[in-house]
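Residue numbers start from 1 in every chain, and the chains themselves are labelled A, B, ... in the order their sequence lines are given, proteins ahead of strands. Below, all heavy atoms of this structure are taken into account, side chains as well, without hydrogens, waters or symmetry copies.
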Protein chains: 2
Amino acid sequence: MTPPSSRPTMRDVAERARVSPKTVSNVLTGTAQVREPTRLRVEQAMRELDFVPNLSARGLRNGRSGVIGLAQPDLRAAFSASMTHAVVEAAHARGLVVQVEETAAEPARERDLVTRARTHLIDGMILNPVRLQDSVVEHLDHLPPIVLIGEVEQHRTDRVFINSRSAARDAVRHLLARGARRIVALGGAEHGAGLDKATQGQRLRGYLAGLAEAELPASPELQVEVPEWTIAGGAAGMREILERGAEFDAVLAFTDSIALGAMHELRSWGARLPEDVLVCGFDDVEHARFAGTPLTTIAFDHQAYANAALDLLTSRMRDRGLPPRAQEIPYELLARTSTQGPPAGFSGKNSPI
Amino acid sequence: MTPPSSRPTMRDVAERARVSPKTVSNVLTGTAQVREPTRLRVEQAMRELDFVPNLSARGLRNGRSGVIGLAQPDLRAAFSASMTHAVVEAAHARGLVVQVEETAAEPARERDLVTRARTHLIDGMILNPVRLQDSVVEHLDHLPPIVLIGEVEQHRTDRVFINSRSAARDAVRHLLARGARRIVALGGAEHGAGLDKATQGQRLRGYLAGLAEAELPASPELQVEVPEWTIAGGAAGMREILERGAEFDAVLAFTDSIALGAMHELRSWGARLPEDVLVCGFDDVEHARFAGTPLTTIAFDHQAYANAALDLLTSRMRDRGLPPRAQEIPYELLARTSTQGPPAGFSGKNSPI
DNA sequence: CGCAGTCTTTACATCGATGTAAAAGACAGC
DNA sequence: GCTGTCTTTTACATCGATGTAAAGACTGCG
């Protein structure tokens, strides 16, 4: 019927309905009035030809593609998966589709993404940055609308965040209240790039603040950076602490995935959870609730988070002149089995102390 | 400097470099030779203007956008997350970007996606179908290239798959060899839509085949459908079996997420794993290895799976006349702690029997 | 020094949808 | 039956990149 690989265009529809292409466009977009019988003829022609508008052409013409980008460090991480789901839902509800990008594999990609090529096919972008601080905003004038999710130390773009710093401090308070005294920070360390990186920096700061207000020392021995925020990454980080021979009685993991890896590693070294060691995570992914030892974590509404990001993004897509806005999403510490104290303490040197 | 919201075009670059727009295009695409000094001038102009080509325009002109679609039932599921990661990596390596879609929420979306609107902005599509069988192929002539991932009973599109049926049968054999006799099928049931749905149907068939070759009866009491293949879905399915009061000594879960939910539920009813009940999953997501009781599962190389899908897709994008091809990815049963038998057996009626 | 032959660069048309402005049609009122 | 207003439809130009074909620059050779 139709030539193999070419789809019908508005011109084809117009011919078949015996009207001009512009009338077809009018039917489609509702820009102008179209008389009933004409509209019906056009609609039938569209149906018969199985017409689908060419979005490249439309995008070229009116400067918008209906596509937004979502960039995250590692799509395998449970939190990223949850966030992707939530963003896709929120976008769908607003008639937008989502293009995903991954930034962790090569550090250059994060920077590239914002400044280079693809940028131009998308109307806006939601970015969960790892290290990016200034490089984003440098080129801000030339960029599409951007909403940052997570903590970044700047106030020139829109962003959505939970107060990670205060959350981490609350988690430390909780662990201390349950009897812990020597808390491992699993995900960031003061030396190294610890405080520079976005979310990681805020969680580390909160951890330090929590210790400080209880007048407890912050030991570098109990801090470790975790480059990949996955389960395997968490396990590797925990192993490092254990191999140092450090003594501790609680772990504050910077994400739930890290916490789950840590719990696995601890168990395989013979630690009992939570009898020997308390563990607290971040993000409340589905997994946390169903873990062997259900995981205490910082919970917040992922869908609300995504909705807020999309609201900021779409409003800015409509009006680029708006001032930068920041929206905080409330969190809550969800106490589960993994922090039922008091803990006996544990050390990689030997069996439970 | 630049007018607020309009990016430089090739025309601007051309003017600044004192050449024609076509020469800029030649520098960019390498279509024709460009003399060194000219090329340098153009490149500098591009740099100075921070020029980025407009992909809508390019897409319109040469009919390709460089975007592929990836549609999966539920992006929260661990397997989907892993697959998304793998596909994004594979696509990136081939200079493509990925648009994600989710089909589980409304059944109509799966159908819509293949036939309607957005279709036109993407060059091809990777689809993990839930129920879709015929509706895809109906319109096949009008569709962009499609690769199905997972088991679908048709041979008119390209597809990548593991032999789920034989894998499920192997899993049953493994459970039987470890001493199980009454195996729960968690994810699909003979009555209901069990056998009709894509992957689910094949896994159910393999389960039945495994029982049959051991001359064991297939009890409807031990089968349950799980609408959402998530951890919570698995827990709910397990609960249903337990509330039926069924007696069993092993669980074959149709994905790892389902298995993890089942293990949680079993534990909370007092079952010991694997002493009372053996559990086997599917997909070998990161999580399986790190579970409280490390999970035996059907493992395969997710990245190889994604690479195969992209190879099929890109080759078809180049030549739509190719015959439909199917590529099988090998799997392997990875025995971990969760199937260290023999199991004592368990029933929802009371404590371990 | 001039010309064939090659290598670069240019002008122009095109991809498909849509805004603009003008033409065509519908309809009321006198 | 004709004018004037309002509605519907049309022709044309445009968005930005790129293929085509023709013009222009340059090389080497006689």
Flag yes if more than 12 heavy atoms outside Gln44(B) fall under 6.0 Å of its CD atom; otherwise flag no. no

Whole-Å distance separating the CG atom of Asn62(B) from the P atom of dT18(D): 7 Å

Whole angstrom is fine here: how far is it from CG in Asp123(B) over to C1' in dC15(C)? 15 Å

Inter-end axis angle, the helix from dC1(C)-dG30(D) to dC30(C)-dG1(D), with every axis fitted to five base pairs (rounded, 10 degrees): 50°

Measuring only between side-chain heavy atoms, which start at C-beta, is Val24(A) closer than 4.5 Å to Pro21(A)? no

Decide whether Ser56(A) and Arg61(B) meet the rule of one side-chain donor and one side-chain acceptor closer than 3.5 Å. no

Under 4.0 angstrom, heavy atoms only, what part of the nucleic acid is Arg61(A) near: base, sugar-phosphate, or nothing? base

Mapping Thr9(B) and Arg39(A) to their closest nucleotides on DNA chain D, which lands nearer the 5' end? Arg39(A)

Reckon Ser56(B) has a side-chain N or O less than 4.0 Å from the OP1 or OP2 of dC15(D)? no

Any Arg58(B) side-chain N or O less than 4.0 Å from OP1/OP2 of dT18(D): yes

Once you round it to whole Å, what is the distance between P of dT9(D) and CE of Met10(A)? 14 Å

When we call it a touch if two heavy atoms are under 4.0 Å apart, what does Val34(B) touch: a base, just sugar-phosphate, or nothing? sugar-phosphate

Mind calculating the distance between CG (Asn54(B)) and P (dC15(C)) to the nearest angstrom? 18 Å

For Leu148(B), the option from Arg156(B), Arg159(B), Met125(B) that meets side-chain contact (heavy atoms from CB on, under 4.5 Å): Arg159(B)

From the set dG19(D), dC15(C), dA17(C), return the single nucleotide nearest to any side-chain atom of Leu60(B). dC15(C)

Would you say the side chains of Thr84(A) and Gln72(A) form a donor-acceptor pair under 3.5 Å? yes

At less than 3.5 Å, do the side-chain atoms of Arg35(B) and the base atoms of dT8(C) form a donor-acceptor pair? no

If you look at every strand shown and take non-hydrogen atoms under 4.0 Å, does Val19(A) touch a base, only sugar-phosphate, or nothing? sugar-phosphate

dT10(C) OP1/OP2 closer than 4.0 Å to side-chain N/O of Thr23(B): yes

Measure the distance from CD on Glu36(B) to P on dT9(C) and round it to the nearest whole Å. 11 Å

Nearest-neighbour nucleotide for the Thr38(A) side chain, dT18(D), dT10(D), dT9(D) considered: dT9(D)

Options dG16(C), dT10(D), dT10(C), nucleotide nearest the side-chain atoms of Lys22(B): dT10(C)

Using a 6.0 Å cut-off, check whether atom CZ of Arg94(B) has over 12 heavy atoms from anything other than its own residue. yes

From CG of Asn26(A) across to P of dG16(C) the rounded distance in Å is 20 Å

Which one, dT18(C), dC15(D), dT9(D), comes nearest to the side chain of Thr29(A)? dT18(C)

Between dA17(D) (P) and Glu15(B) (CD): distance, integer Å: 13 Å

Heavy atoms of other groups near Arg64(A) CZ, more than 12 under 6.0 Å: no

Start with the C-alpha gap between Arg58(A) and Ser65(A), add the side-chain angles, then the distance that decides, and say whether side chain to side chain donor-acceptor pair (under 3.5 Å) holds. CA-CA 7 Å; Arg58(A) 182 179 287 176; Ser65(A) 61; over 6 Å; no

In whole angstroms, the gap separating C1' of dT10(D) from CZ of Arg11(A) amounts to 14 Å

